[in-house]
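First the structure, in the form of structure tokens, and then the observations on it.
Numbers restart at 1 for each chain; the letters A, B, ... are given by sequence-line order, proteins then strands. Nothing here was measured: the structure is a model prediction, and the numbers come from that model.
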There are 2 protein chains.
Amino acid sequence: MTIQAAKRETIPAPSRGEDTRQRLIEAALEIFAAYGFEGASTRMLADRAGANLAAIPYHFGSKEGLYLAAAHSIVEAAESEMSPVIGKIERALAQRKLDRDAAAALLHELLERFSALVIGSPQADSWSRFVLREQLQPGAAFEIIFEGIMRKNARAFTKLLAILLKRPEGDPRVAVRAQTILGEILVFHSSGTAALRLLGWKEFSAARLKVIQAILRENVDRIVAPVK
Amino acid sequence: MTIQAAKRETIPAPSRGEDTRQRLIEAALEIFAAYGFEGASTRMLADRAGANLAAIPYHFGSKEGLYLAAAHSIVEAAESEMSPVIGKIERALAQRKLDRDAAAALLHELLERFSALVIGSPQADSWSRFVLREQLQPGAAFEIIFEGIMRKNARAFTKLLAILLKRPEGDPRVAVRAQTILGEILVFHSSGTAALRLLGWKEFSAARLKVIQAILRENVDRIVAPVK
DNA sequence: GTCTATAGTCGGATAGAC
DNA sequence: GTCTATCCGACTATAGAC
């Protein structure tokens with residue numbers, strides 16, 4: 001193995017420019033999520049990244065270019081986080097007719113992973129807020145995120161749900177129900193401030209995430225339970 | 001009855017200043033909801049209200065003063081919309097021990113009213129977005145809204161839920177479940193853009209609100225159903 | 001690639017006539 | 001109370017030295 005080949009396999013030593021670029025994207029995720037596009041100034045962004053103001057137009061063309069680059073980085077991160085479960089579900093759906101128990105197990109795994117991502121991980125806090133803001137005022141970044149993550153995940157989720165509810169996949173009632181279940185998770189972010197206050201909590205610790213996940217699981221089991 | 005007394009009972013002829021003030025608040029609800037505090041400019045606000053730029057500092061002291069006045073107006077509107085149900089629930093809780101069926105009926109009424117408010121009414125669209133943005137970045141307006149509406153409504157909701165779940169009111173598992181159920185409704189706003197696309201809908205029409213409400217009701221009934 | 005300096009724009013708020 | 005005109009600060013983007 002040549003030194004060149006070895007280098008390609010390990011983390012490549014980032015050039016100075018590439019490093020600045022990366023730090024700017026990380027700063028952008030935090031700052032845009034916290035203050036919104038207009039609320040964030042290029043000075044804030046550069047300061048947080050430890051970079052120069054002029055580095056933004058240099059690397060990304062404009063403030064908006066940096067914003068879109070941040071959206072892309074969310075897609076990449078969410079993709080790598082969710083793709084193991086999504087892949088497993090897609091393979092299961094393609095290969096054989098899923099029975100109830102197998103479908104329920106996959107559904108639980110999907111929701112647990114998703115709730116941990118949305119509620120638990122401190123890094124994902126910025127992602128959720130960024131996405132939430134973009135939904136409030138959808139622009140080019142919304143297209144990137146919707147096509148990059150949401151469509152594929154929702155599709156896998158809806159298919160599993162259709163099996164459990166014994167309804168055709170295209171039934172709008174299945175899709176609506178999928179949204180309501182996702183809402184049970186997302187509320188802890190979109191209304192997180194109010195939720196924490198009403199619960200008398202200071203933050204969503206790991207222990208509390210477990211409490212939430214247990215209830216989410218119970219709710220879902222009851223919602224998809226066969227009618228007797 | 002004197003003319004003066006008659007005037008007091010009908011809508012009072014608004015003075016020119018009071019009228020401008022009111023139009024500015026209405027514009028503020030729309031514009032701040034759509035673009036956020038920083039994204040909205042005083043020029044946009046004045047134009048939408050058909051008022052002069054200088055009217056904002058004159059009537060409200062500053063752009064922020066107008067923002068807080070808009071928050072207050074949301075509290076008043078939500079109060080008048082929800083208070084009939086909330087009052088009914090509070091009276092029922094105070095006067096007698098509620099049985100399951102009565103509690104369930106009140107819960108359905110509360111959720112139906114709330115979902116119609118959040119998803120259905122076109123005016124409420126601005127309110128929800130305004131509140132959502134304020135949760136993303138809580139400031140003085142959040143206090144006004146939280147203390148003015150959220151606490152009282154959540155309290156009534158949680159008490160009903162505690163009865164149906166046969167658990168003490170203070171049980172965090174009851175409060176968490178309350179949040180998840182609210183999430184089923186709120187998701188159609190906070191993630192409305194994505195939800196509409198995934199459902200293949202253009203907007204939430206009255207007929208579609210009915211579909212959503214039917215599913216919400218079914219979900220809630222299953223969630224609070226007694227364990228067999 | 002990174003820096004300083006600055007151009008050019010737009011924002012919120014004010015002054016003062018009416 | 002309402003208007004026009006204007007100030008002043010903050011912003012994004014660029015130019016050009018290093």
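Closest approach of B/Leu66 to B/Leu24, counting heavy atoms only: CD1-O, 3.8 Å.
Salt bridge annotation for B/Glu90-B/Arg155: absent, with no cationic side-chain nitrogen under 4.0 angstrom from a carboxylate oxygen. Electrostatic pairing of A/Arg133 and A/Glu38 does not count as a salt bridge here, judged by no charged N lying under 4.0 Å from a carboxylate O. Ion pairing of A/Asp47 with A/Arg43 is absent here, as no side-chain N (NZ or NE/NH1/NH2) approaches a carboxylate O to less than 4.0 Å.
What separates CG of A/Leu66 from C1' of D/dT12 is a distance of 13 Å, to the nearest Å. The interatomic distance linking A/Met44 (CE) with D/dA10 (C1') rounds to 11 Å, in whole Å. Following rounding to the nearest Å, A/Arg16 (CZ) and C/dT2 (C1') show an atom-to-atom distance of 6 Å. Rounded to a whole Å, the OH atom of A/Tyr35 is 17 Å from the P atom of D/dA10. Spacing between atom NZ of A/Lys63 and atom P of C/dT9 amounts to 18 Å, rounded to whole angstrom units. In this entry the distance linking CG of A/Asp47 with P of D/dA10 reads 14 Å, nearest Å. Rounding to whole angstrom units, CZ of residue A/Phe60 and C1' of C/dG1 are separated by 13 Å. In this entry the distance linking CD1 of B/Ile56 with C1' of C/dA15 reads 17 Å, nearest Å.
Applying the 4.0 Å criterion to OP1 and OP2 of D/dT4, one finds that B/Asn52 has a side-chain N or O inside that range. Between A/Thr20 and C/dT2, a side-chain N or O to OP1/OP2 separation shorter than 4.0 Å is present. Taking side-chain N and O atoms only, A/Arg43 has a distance below 4.0 Å to OP1 or OP2 of D/dC11. At D/dT12, one or more side-chain N or O atoms of A/Thr42 fall inside 4.0 Å of OP1 or OP2 (strictly under the cut-off).
Residue contacts for A/Ala40: at a heavy-atom cut-off of 4.0 Å it reaches the sugar-phosphate backbone alone, with no base atom in range. Within 4.0 Å (heavy atoms only), A/Leu53 reaches at least one base atom of the nucleic acid. Nucleic acid contact for A/Ala55: none, since no nucleic acid atom lies under 4.0 Å from a heavy atom of the residue.
With DNA chain C read from its 5' end, the first of the two nearest nucleotides for B/Glu64 and A/Tyr58 is the one closest to A/Tyr58. Toward the 5' end of DNA chain D, the nearer of the two residues B/Ala54 and A/Leu45, judged by each one's closest nucleotide, is B/Ala54.
Dense packing is recorded around OH of B/Tyr67, with more than 12 heavy atoms of other residues, nucleotides or ligands lying under 6.0 Å away.
Among C/dA13, D/dT2, D/dC11, the nucleotide with an atom closest to any side-chain atom of B/Ser62 is C/dA13.
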